[in-house]
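The next block holds one structure in the form of structure tokens; read it before the comments.
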Amino acid sequence: MQNERIKKLNSNNPLEGDYILYWMQASVRSEYNHALEFAINLANELKKPLLAFFAIYGRYPEANLRHFHFLLEGLDDTEKLLEKRKIKLVCRICDPVNEIVKLSQKACAVVTDRGYLRIQKEWRKSAAEKVKCAFYQVESEAVVPVNEASGKEEFAARTLRPKIHKKLDKYLITLPQGKVGASSLGLKISGEYFAPADFNISQLNNIDKTVFKSPRFTGGETRALETVKDFIETRLHNYDSMRNDPALNHLSHISPYLHFGQISPVHIALLIKNSDAPAAAKEKFLEELIVRRELSFNFCEYNDKYDSHESLPEWAVQTLEGRAIDKRPYIYEMDDFEKARTHDHCWNAAQLEMIVTGKMHNYMRMYWGKKIIEWTPNYKEAYKTAIYLNNKYSLDGRDPNSFAGVAWCFGKHDRPWTRRPVFGSIRYMNEAGLKRKFDMESYIQRVAKLCSDNNYELDSLTHLMEKSNE
DNA sequence: ATCGGCTCGCGCAA
DNA sequence: TGCGCGAAGCCGAT
């Protein structure tokens, strides 16, 4: 494994103890998990068992019933797969840092994976300071380690792209599975820990339960790999020409699994590379999977304001501020947006697709965000609305990709275009463009069917149905 | 149907 | 210092 993935976050040495502790947080999987493999090697060197632990934190920002269902399905899957490798995975509802400190008292060393969001960085920093033994972070969510790709916030994809491409030979390689020496399955740990299968989601008292479990996506690394294989067999070959069409839904559908760390981007990229799809299709997908995704990691890593309008570049701020007094063609409140009650059937369909399935079509995400800017009194409020709704309903919300995606709608990583009201020189999109390029009636019908199949009813849905029956 | 211009700033070439 | 060019677009001219 490449040394650049590994970072020791404190200066302590490995101590005498009962086990190596793998604090699983960002990478909930048994395969292609660099942090897990590093931990296995360390455990074998010290001739100790490896204990894996996941903290179920009910107060995780904006996490709701939908997210916890997906997370727990993944944990259940991974626990069974780790068991085959003689590794015990236990969970507990708790504050992660306190619990890691407690579990580390009997550990030789702690190993964890890496995340780029504020809370993930704070947790690791705080835990590393408090534990007495060695604390390692291993970067397993990026193909090219983020600080290796670039040491600063990048301006756009074109500035990061060559830096990533130069390093792919080194980092886009297979990760062999280490053989576990000492089993941890019989390990007795004092305290109340449980296997994911024994967990009932109703034990999470204080979470938002108004967002129902996604009927479309089931979590877990097994499902993730099946999804990738299905994509390669049935949709990859013409991904480049069909991916943008909302009516076709010709997407990989892998982003929820990537967000929850249930599959590795390295694993996916290798499967894509080794497939026999046309080069153009592979290139488009790998560009999104690696360059665009890791641009969003770069964004969160180097811009602490990644979830706020304050992350925007100067030119975008100037142009948006300059249009503050422009009259908006429509004005909607949060509730109108949330319940998909706008005048625009395409927009409403996109919002409903996200509510009902937990994922919005990639192309519609851009249109959706652009229109929130256009129909909100000011861009700062629009920014909040877009982040709030996406984080609440999308399974791939609260992810660097989501934050970068919203920021893009406001000009981040993009370039200026013809000036116009409200938007200034931020790129504009309109309904005429959608209808010119795609069969939007077919998209609306697809979403209406999704809603009725899942017994999801709303005033705006009735309008959608009427519209699509015209 | 296709094409150029719009508009800004990064980064490479010179 | 100059210049090419960039995630997904729009619009008007041809």
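Please read all numbers here as calculations on a predicted model, not as lab measurements. Reminder, nothing fancy here: chain letters follow the sequence lines and each chain counts from 1.
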Taking the side chain as C-beta and beyond, is there a heavy-atom pair between [X] and [Y] under 4.5 Å?
X        : Y        : answer
A/Val406 : A/Tyr383 : yes
A/Lys339 : A/Glu333 : no
A/Lys166 : A/Val144 : no
A/Asp95  : A/Arg59  : no

Rounded to whole angstrom units, what separation is found between the [atom1] atom of [X] and the [atom2] atom of [N]?
X        : N     : atom1 : atom2 : answer
A/Met429 : C/dA7 : CE    : C1'   : 10 Å
A/Lys437 : C/dA8 : NZ    : P     : 10 Å
A/Lys435 : C/dG9 : NZ    : P     : 17 Å
A/His361 : C/dA8 : NE2   : P     : 16 Å
A/Phe438 : C/dG9 : CZ    : C1'   : 11 Å
A/Tyr428 : C/dA7 : OH    : C1'   : 19 Å

N/O contacts under 3.5 Å, protein versus nucleotides 12-14 of chain C?
none

Can you give me the N/O atom pairs linking the protein to nucleotides 1-3 of chain B at distances under 3.5 Å, or say none if there are none?
none

(message) Can you confirm whether A/Lys163 is buried at NZ, in the sense that more than 12 heavy atoms of other residues, nucleotides or ligands lie under 6.0 Å from that atom?
(response) yes
(message) Would you say that more than 12 heavy atoms from the other residues, nucleotides or ligands in this model lie under 6.0 Å from the CD of A/Glu431, or not?
(response) yes
Stretch [range]: residues that reach within less than 4.0 Å of DNA chain B through a heavy atom:
range                       : result
residues 293-301 of chain A : none
residues 395-426 of chain A : A/Pro416, A/Trp417, A/Thr418, A/Arg419
residues 239-257 of chain A : none

(request) State whether A/Trp408 and A/Arg365 meet the cation-pi test: NZ (Lys) or CZ (Arg) under 6.0 Å from the six-membered ring centroid, and within 45° of the perpendicular axis. (result) no
(message) When you compare the side chains of A/Glu221 and A/Thr78, does any donor N or O come within less than 3.5 Å of an acceptor on the partner?
(response)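 On atom types as modelled, these side chains qualify, holding a pair under 3.5 Å.
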(message) Under a 3.5 Å threshold, yes or no: a donor from one side chain and an acceptor from the other, between A/His259 and A/Asn401?
(response)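 A/His259 vs A/Asn401: no donor-acceptor pair found between side chains.
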(request) Return the stems involving DNA chain C, sorted by first number, where pairs are Watson-Crick (N1-N3 with N6-O4 or O6-N4) or G-U wobble (N1-O2 and O6-N3), both under 3.5 Å, and runs are 3 or more long. (result)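 The stems that DNA chain C takes part in, listed by first number, are B:1-6 with C:9-14, B:8-13 with C:1-6.
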Which residues pass the salt bridge (Lys or Arg N to Asp or Glu O under 4.0 Å) test with [X], not counting sequence neighbours?
X        : answer
A/Glu122 : none
A/Lys392 : A/Glu338
A/Glu148 : A/Lys167

(message) Once you measure the plane-to-plane angle for A/Trp347 and A/Phe337, does it fall in the parallel (<30°), tilted (30-60°) or perpendicular (>60°) bin?
(response)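 A/Trp347 vs A/Phe337 ring planes: tilted.
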(request) Using the six-membered ring wherever Trp is involved, compare the ring planes of A/Tyr330 and A/His343 and label them parallel, tilted or perpendicular (cut-offs 30° and 60°). (result) parallel
(message) At under 4.0 Å between heavy atoms, how does the protein contact nucleotides 9-14 of chain B? Give one character per nucleotide, 5' to 3', with B, S or -.
(response) BBS---
(message) For the P atoms, the ones on B/dG11 and on C/dA7, what distance do you get once it is rounded to whole angstrom?
(response)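 These two P atoms come out 13 Å apart once rounded.
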(request) Pick the P atom in C/dC10 and in B/dG9, then give their distance to the nearest Å. (result)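 My reading of the P atoms in C/dC10 and B/dG9 gives 23 Å.
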(request) Start with the C-alpha gap between A/Lys384 and A/Glu381, add the side-chain angles, then the distance that decides, and say whether salt bridge (charged side-chain N to carboxylate O under 4.0 Å, His left out) holds. (result) CA-CA 5 Å; A/Lys384 284 189 194 146; A/Glu381 191 187 325; over 6 Å; no
(request) Keeping to residues at least two apart or across chains, list the salt bridge (charged side-chain N to carboxylate O under 4.0 Å, His left out) pairs with something in residues 271-286 of chain A. (result) none
(request) Verify the ring-centre separation between A/Phe438 and A/Tyr443: is it less than 6.0 angstrom? (result)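 No; A/Phe438 has its ring centre 6.0 Å or more from that of A/Tyr443.
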(request) Would you jot down, in residue-number order, the residues of residues 365-382 of chain A having a non-hydrogen atom under 4.0 Å from DNA chain C? (result) A/Met366
